[in-house]
Amino acid sequence: VGRLTDPSECAAIDARLQRCGQMLERQRKAREDAEAIAEDGLRRLYLRQQRSELLQRVATVANLTSSAEEAYARAIEEICTHTGCVIGNVFLVEDDGRTMRASGIHQLSSPDLLEFIAESRRCRLAAGVGLPGRVLETREACYVPLLADDENFLRLDAAQRLGLVSAMAFPVIVGAHVNAVLEFYSAAPLQQDAELLETLTQIGLQLGRVVERERFTRKLTHDAQHDALTGLPNKVQYRERLEAVLSSLGSGEHDGVAVMFMDLDGFKLVNDSAGHHSGDQLLIDVAHTLGRTLSDFTGCDDGAEGCLDALLARFGGDEFTVLLWGPRARGAAPGIAQALLSALERLRLMVDGITYSVSSSIGIAYAEPGARRSEDLMRNADLAMYDAKRSGRGRITVFGAELHQAAQERFSLQSALGLALERREFELHYQPIVSLNEPEQVCGFEALLRWRRGGQELLPPSAFIDLAEEIDLIGKIGEFVMAQACRQAARWSGSSAPYVSVNVSPKQFKQDRFCDQVEEALVTSGLAPDRLRLEVTENIAIRDPERARATLHRLRDRGVRVSLDDFGTGYSSLSHLHRFPFEALKIDRSFVTGLSRSPRNQGLVRAILDLAQTLDLEVVAEGVEREDEAAMLRVLGCPFAQGHRFGRPMAPDLATQRLAAARARSYDLRLARCA
Ligand SMILES: [Mg+2]
């Protein structure tokens with residue numbers, strides 16, 4: 001107790017107590033600071049985690065949806081929840097890339113806020129104007145801490161009425177362009193937060209990927225349903241629409257659907273002579289012309305006659321189709337087809353000073369009780385179109401049951417024709433070619449193809465040659481004819497043995513190995529080349545005259561002679577005669593029939609003979625059936641002839657007999673002269 005009365009000791013204790021107090025205070029402060037730092041760190045960590053989760057959720061939405069609209073809606077919902085914003089709103093950038101409008105996609109914490117959206121939808125913002133405009137221009141996320149202080153904010157009145165205080169916005173970027181701006185408004189002041197801005201920027205990029213994916217899908221869908229050249233619907237879309245229209249028909253309705261197939265006549269010629277680029281241009285022009293013409297007919301007719309809808313499509317190549325549906329379809333189809341034909345006939349394409357024109361053949365088929373499946377209708381329209389094409393340029397055929405019958409017959413003919421070669425059903429008959437002054441003597445035989453179908457009926461080439469061409473059999477048939485004719489001619493020996501004349505189709509002539517084929521036939525048969533004559537038409541020179549000339553020269557160098565067949569029916573006879581190494585020409589039967597009664601034909605034949613003499617060509621008149629025709633040809637000075645008057649095409653053994661008889665007669669004649 002005595003020690004406590006010592007004042008100096010008391011002072012020392014006080015000082016120590018004070019130091020203790022200060023130390024405790026410092027420790028408390030330090031602990032508080034440490035706690036605050038830890039709390040702030042935790043808060044930041046929490047926020048970062050929240051934002052990362054936000055980004056993660058938006059990314060998931062972006063991955064799952066292919067619709068940008070849906071992705072935007074989900075993103076603004078997530079962001080509003082995360083930030084406490086009361087409005088989320090989407091502005092879409094227009095095609096010009098410089099202006100935007102509110103999209104109608106928004107998120108509101110209360111219906112009262114709709115007023116702000118209505119105000120937004122009245123704005124059309126240019127780049128740089130207002131909050132969205134600034135984001136469009138800078139392509140960066142943006143904060144507006146206090147709307148009232150912002151000089152470049154257009155909807156301030158509405159914002160203040162609704163108690164909106166702060167805002168932020170960020171762009172959705174696709175490639176190099178801003179596609180949309182997402183804006184958010186809060187009723188409490190927002191703190192500037194660089195990390196949040198970074199998160200929003202990342203969300204903008206995620207949403208950009210959805211837009212990109214949506215565009216790509218849309219393009220794929222469009223491409224899958226449209227023709228790339230003309231932009232018209234393609235076969236896929238046409239078929240889909242046809243099926244939809246057919247399935248919407250009531251069971252009693254059949255008049256409501258017409259299918260039209262059209263195929264341009266002469267398009268190949270444009271493509272081949274003016275080039276593919278011009279051909280493409282012509283197809284584009286055709287598409288426009290057809291579309292314009294169709295639009296004159298479609299639509300509703302004051303309800304009186306009902307409505308008519310149409311779909312124009314390109315099936316590829318030069319094939320176009322029209323689908324017509326509605327109560328007026330059947331009645332209107334023929335008139336529309338006629339209008340389409342007339343419009344096409346007026347179409348002109350100029351290339352290098354040459355004017356090209358096209359026409360078309362159209363086949364029409366209607367939905368009928370027995371033909372209501374899309375494939376039936378399309379097949380029927382196709383059959384009708386082929387029929388139109390066969391009957392000449394610019395025709396229209398409406399499908400009827402007889403066409404189906406004809407198609408079936410054609411199909412059976414085609415199957416039989418495909419087997420004819422291996423079944424050895426082809427034979428050659430020989431028609432004599434004689435000197436008009438000595439008609440009993442046979443100078444040559446034209447080998448003519450016959451098909452003994454199924455070993456029974458004998459068919460002439462006109463019954464099957466087009467079909468053979470279609471099924472690509474013409475080359476093989478040509479090869480058979482060449483070999484067979486040479487073999488037969490080689491059997492006719494002796495000093496005055498006749499030549500054999502073989503018809504060569506343009507397709508066969510243009511084959512790369514045509515000359516080899518001729519060579520093979522000559523070598524195998526042992527026939528002297530000068531006893532083989534090839535008959536070609538002017539069509540061999542279409543497309544590649546230089547190549548045709550080279551082939552003709554090769555044949556001539558080999559000693560084979562070439563005649564120009566059907567002379568006078570082609571389109572530029574003179575130039576071909578002059579430039580190509582022909583050795584003979586055959587006057588077409590159209591000049592010979594009724595020659596003695598036609599001064600015009602006499603004049604023409606005389607002119608041809610003069611021309612032939614000038615060019616040193618031998619001449620054979622074809623199709624001489626009557627003696628008066630033969631007599632007139634003699635008067636005109638034609639040296640050779642062929643026709644029923646001098647002998648029909650005959651089987652090889654009859655031809656051989658005919659030769660023997662002619663020889664015997666000439667022998668008798670010589671004997672008589674000697675006697
Ligand atoms: Mg001929």
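Because the structure is predicted, anything quoted here is derived from the model rather than measured. Just follow the structure's listing: the first ligand is 1, and inside any ligand the first atom is 1. Any value given below was found using the heavy atoms of this structure, including those in side chains, with hydrogens, waters and symmetry copies removed.
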Parallel, tilted or perpendicular, judged at 30° and 60°: which one describes the rings of Phe464 and Trp451? perpendicular
Students often mix this up, so state it plainly: with edges at 30° and 60°, are the rings of Phe514 and Phe509 parallel, tilted or perpendicular? tilted
Donor-acceptor side-chain pairing of Thr230 and Asp227 below 3.5 angstrom: yes
For the residue pair Tyr499 and Trp492, is the inter-centroid distance of their aromatic rings smaller than 6.0 Å? no
Are Phe315 and Phe320 near enough that their ring centres are under 6.0 Å apart? no
Within less than 2.8 Å, report the number of protein N/O/S atoms around the Mg ion (ligand 1). 4
Looking at Gln613, I want to see if its CD is surrounded by more than 12 non-hydrogen atoms of other residues, nucleotides or ligands under 6.0 Å. no
